[in-house]
Amino acid sequence: MVERLVPDELWELFQRVVPEAPSRRQGGGRRRHGDREVLAAIVFVATSGCTWQQVPAASFGPSGATAHRRFTEWTKARVWARLHRLVLDELGSRGELDWSRCAIDSVNMRALKRGSLTGPNPVDRGKYGSKIHLITERTGLPLSIGISGANTHDSQALIPLVKGIPPIRSRRGPRRRRPRKLHADKGYDYNHLRRWLSSRGIRHRIARRGIESSTHLGRHRWTIERTMSWLAGCRRLHRRYERRADHFLAFTSIACTLICYRRLAK
């Protein structure tokens with residue numbers, strides 16, 4: 001199961017971003033579980049949606065408590081964001097990223113334990129929840145992600161998300177981090193956002209409130225809707241179970257990394 005959840009190519013990439021294991025000053029104690037086995041347990045939690053206590057130690061080796069402890073360490077070290085960027089670099093170097101059109105959107109989910117970066121959802125009877133904000137390239141691969149409270153307006157996430165696109169390798173030429181064109185729905189219909197995108201050399205196609213329907217953008221924006229369904233394949237994201245925002249963002253990064261890695265493995 002370890003090799004199935006963490007294939008060799010993904011494991012090689014992970015080894016480039018994972019910090020070295022701390023050395024012990026004295027001998028003795030329990031043997032430290034291998035990083036690959038722990039990573040497989042974390043991916044199992046992310047994809048199956050089970051709790052840490054339900055991790056089958058007989059299949060992986062480390063217990064759920066060990067996997068959670070290592071998950072916390074790696075989250076603090078920003079391992080998941082670095083891994084996502086590394087997979088994007090590999091895709092970019094192979095010419096698998098299409099920068100001609102990008103799309104931005106968000107998805108709401110209920111926060112069962114509340115916590116940081118949550119808020120009353122105006123479209124879910126005021127139930128507390130969070131939003132995942134996402135920018136994808138033309139074929140639907142996630143380039144930049146962020147989270148916020150469910151009561152945060154979509155428009156507030158556009159500038160941070162665009163700025164959050166990392167410089168990604170290209171098959172030829174320098175690294176890229178700006179799309180040629182950005183598609184968005186009416187939630188981003190503000191003149192200051194249009195001016196900001198234009199100042200950065202990014203063409204925009206944003207639906208205008210009261211003038212046109214967001215459905216006219218469907219032939220270009222359906223890819224990000226499909227990416228949202230891909231995120232739902234990571235069952236840990238069906239609801240927000242984490243009180244800590246960095247843990248919730250870590251699971252979102254893991255899901256985006258797996259989406260990108262599937263394209264890389266083809």
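Among all heavy-atom pairs drawn from G146 and L161, the shortest one is N-CD2, 3.8 Å.
The environment of CZ in R78 is sparse: at most 12 heavy-atom neighbours from other residues, nucleotides or ligands sit within 6.0 Å. Enclosure of atom CZ in R226 by more than 12 non-hydrogen atoms of other residues, nucleotides or ligands within 6.0 angstrom is indicated. Within 6.0 Å of the CZ atom in R200, the count of heavy atoms belonging to other residues, nucleotides or ligands exceeds 12. Counting non-hydrogen atoms of neighbouring residues, nucleotides and ligands closer than 6.0 angstrom, the CZ atom of R203 reaches no more than 12 such neighbours.
Of the inter-residue distances, the one linking F251 atom CZ with I42 atom CD1 reads 7.5 Å to the nearest 0.5 angstrom. One finds the NZ atom of K181 at 12.0 Å from the SG atom of C102 (value rounded to the nearest 0.5 Å).
D35 places a side-chain heavy atom less than 4.5 Å from the side chain of R70. In this structure the side chain of W52 never reaches within 4.5 angstrom of the side chain of S63, judged on heavy atoms. A heavy-atom distance below 4.5 Å is not found between the side chains of V43 and F60. Residues C260 and L91 form a side-chain contact, since some pair of their non-hydrogen atoms from C-beta on lies under 4.5 Å apart.
L97 and L86 fall within the same hydrophobic cluster, where Ile, Leu, Val, Met, Phe, Trp and Tyr residues are linked whenever their side-chain heavy atoms come under 4.5 Å apart, directly or through other members. F248 and Y128 fall into different hydrophobic clusters, where Ile, Leu, Val, Met, Phe, Trp and Tyr side chains are chained together by heavy-atom contacts under 4.5 Å.
Classification of E242 and R236 as a salt-bridged pair holds, one side-chain N sitting under 4.0 Å from a carboxylate O. Ion pair R205/D185 not flagged as a salt bridge, since none of the NZ, NE, NH1 or NH2 atoms sits closer than 4.0 Å to an Asp/Glu carboxylate oxygen. In summary, R16 and E90 engage in a salt bridge, as defined by a charged side-chain N under 4.0 Å from a carboxylate O. A salt bridge does not link D246 to K76: none of the charged nitrogens lies less than 4.0 Å from a carboxylate oxygen.
Judged by distance alone, the side chain of K131 and the main-chain N or O of T152 form a donor-acceptor pair under 3.5 Å. With hydrogens and angles disregarded, no donor-acceptor distance shorter than 3.5 Å links the side chain of H133 to the backbone of I104. Formation of a donor-acceptor pair under 3.5 Å by the R110 side chain with backbone atoms of G129 is not found in this model. A donor-acceptor contact shorter than 3.5 Å is absent between the side chain of H204 and the backbone of I206.
Using modelled atom types, one finds no donor on one side chain facing an acceptor on the other under 3.5 Å when comparing T139 with D98.
Exactly one residue among R175, R176, R169, R177 makes a salt bridge (Lys or Arg N to Asp or Glu O under 4.0 Å) with D89. That residue is R175. Screening R239, R244, R243, R240 against K113 for a side chain to side chain contact (heavy atoms under 4.5 Å, CB included) leaves a single residue, R243.
A cation-pi contact, defined as under 6.0 Å to the ring centre and within 45° of the axis, is absent between R195 and Y190.
Aromatic ring pairs are classed by plane angle as parallel below 30°, tilted from 30° to 60° and perpendicular above 60°; the pair H247 and H68 is perpendicular.
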Intermediate values then yes/no, side chain to side chain contact (heavy atoms under 4.5 Å, CB included), Y241 and T51: CA-CA 9 Å; Y241 299 98; T51 65; over 6 Å; no
